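Computed from a predicted model, the values in this text were never measured in an experiment.
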Amino acid sequence: MFNTFPINEEMHIHSLNGELRKATILKRLGDNDYLAEYNGVKCHAIYNPFVNKFYVDDKYSVIRDKMPSRDEPCR
């Protein structure tokens, strides 16, 4: 569906209760699964073709760059 990345446009942001804000789609990860970035946070996003908008989940599907190592203290 989308062949050119990044995509910069207004998207529904989960942490803002669905408000529209500028975010970036960096690449496609799978079927209707996209890597998005909002406020420096990388997370998953989905596309809803019925409303022609992306939904960025920066609350529950944040992608961490670094996996915790064995020597780091637990939180």
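Side-chain heavy atoms closer than 4.5 Å link hydrophobic residues (I, L, V, M, F, W, Y) into clusters, and following such links, possibly through other members, connects Val56 to Ile7.
Considering only residues two or more places apart in sequence or on other chains, Asn48 meets the side chain to side chain donor-acceptor pair (under 3.5 Å) condition with none of them. For His12, the ring-ring contact (aromatic ring centres under 6.0 Å, His included) criterion is met by Tyr55, not counting sequence neighbours. Annotation: ring-ring contact (aromatic ring centres under 6.0 Å, His included) contacts of Tyr60 (sequence neighbours excluded): His14. Residues forming a side-chain contact (heavy atoms from CB on, under 4.5 Å) with Lys27 (at least two apart in sequence, or on another chain): Leu29, Leu35. For the side chain to side chain donor-acceptor pair (under 3.5 Å) test, residues two or more places apart in sequence or in another chain that qualify with Asn8 are Thr24. For Asn3, there are no side chain to side chain donor-acceptor pair (under 3.5 Å) partners, not counting sequence neighbours. Taking the salt bridge (Lys or Arg N to Asp or Glu O under 4.0 Å) definition, one finds that Glu19 meets it with Arg21, sequence neighbours left out. Judged as a side chain to side chain donor-acceptor pair (under 3.5 Å), and not counting sequence neighbours, Tyr38 has no contacts.
Contact annotation: the side chain of Phe5 never approaches that of Leu26 to less than 4.5 Å [non-hydrogen atoms, C-beta and beyond]. Inter-residue side-chain proximity for Pro6 and Ile25 is flagged as unmet; no heavy-atom pair is nearer than 4.5 Å.
Residue pairs satisfying the salt bridge (charged side-chain N to carboxylate O under 4.0 Å, His left out) criterion with at least one member in residues 41-58, sequence neighbours excluded, are absent.
Rounding to the nearest 0.5 angstrom, the gap separating the NZ atom in Lys22 from the CD1 atom in Ile13 is 11.5 Å. With values rounded to the nearest 0.5 angstrom, Glu9 atom CD is found 10.0 Å from Leu20 atom CG.
Aromatic ring orientation, Phe54 versus Phe2: tilted (interplanar angle from 30° to 60°).
The backbone N or O of Tyr47 sits less than 3.5 Å from a side-chain atom of Asn32, completing a donor-acceptor pair.
Other members of the hydrophobic cluster containing Val41, listed by chain and number, are Val62; membership follows side-chain contacts under 4.5 Å among ILVMFWY residues, whether direct or relayed. Annotation for Phe50: hydrophobic cluster partners, listed by chain and number, are none (ILVMFWY side-chain heavy atoms under 4.5 Å, direct or chained).
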